[in-house]
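Being a predicted model, the structure only gives us computed values, none of them experimental.
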Amino acid sequence: MDVSKIYGKIQFVDSFPDYKVKVVTSFPDLKVQKVDSFADDVGKWEIVESFPDFKIQIVDSFEDFKIEYVDSFPGLP
């Protein structure tokens with residue numbers, strides 16, 4: 001899976017996600033920065049309630065990939 005392609009409008013869901021994600025504080029597969037607009041690059045997620053590019057479910061185990069929230073320098077670690 002190429003996690004660098006997962007950016008844009010993201011909706012958090014409890015069921016039927018496109019991907020299951022675990023939030024970690026170290027060794028992520030992707031560093032994510034929450035933005036209010038221009039989520040047009042690797043690791044930039046704009047959180048929306050409708051019309052998402054991807055649906056994400058936060059899980060504690062059996063994740064598809066791991067993310068770490070950052071304030072700057074989003075993207076691949």
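- Between F65 and Y19, the ring planes lie perpendicular to each other; the angle is over 60°, past the 30° to 60° tilted range.
- Hydrophobic clustering keeps V48 apart from V35 (ILVMFWY residues linked when any side-chain heavy atoms are closer than 4.5 Å, directly or through intermediates).
- Across all their heavy atoms, V24 and K66 have their closest contact at CG1-CD, 3.8 Å.
- Under the 4.5 Å side-chain heavy-atom criterion for ILVMFWY residues, a single connected hydrophobic cluster contains both W45 and M1.
- Between Q33 and D71, the shortest heavy-atom contact is NE2-O, 3.1 Å.
- Scored by the salt bridge (Lys or Arg N to Asp or Glu O under 4.0 Å) test, D2 finds K5 as partners (sequence neighbours excluded).
- With V3 as the fixed residue, the side-chain contact (heavy atoms from CB on, under 4.5 Å) test singles out one of V21, I67, D64, L76: L76.
- The stretch residues 28-55 participates, sequence neighbours left out, in these salt bridge (charged side-chain N to carboxylate O under 4.0 Å, His left out) pairs: K9-E46.
- Of all heavy-atom pairs between P74 and G43, the closest is CB-O, 3.6 Å.
- Residues I47 and F12 have side chains in contact (heavy-atom distance under 4.5 Å, counting atoms from C-beta outward).
- Connection of V13 to I10 is not established within any shared hydrophobic cluster, with ILVMFWY side chains joined at heavy-atom distances below 4.5 Å, either directly or through further cluster members.
- In this structure, CG on D18 lies 11.0 Å from CD on Q57, to the nearest 0.5 angstrom.
- For the atom pair CZ (F54) and CD (Q11), the distance works out to 13.5 Å, reported to the nearest 0.5 Å.
- Side-chain heavy atoms closer than 4.5 Å link hydrophobic residues (I, L, V, M, F, W, Y) into clusters, and following such links, possibly through other members, connects I6 to V23.
- With a 4.5 Å cut-off on side-chain heavy atoms, L30 and V42 count as touching.
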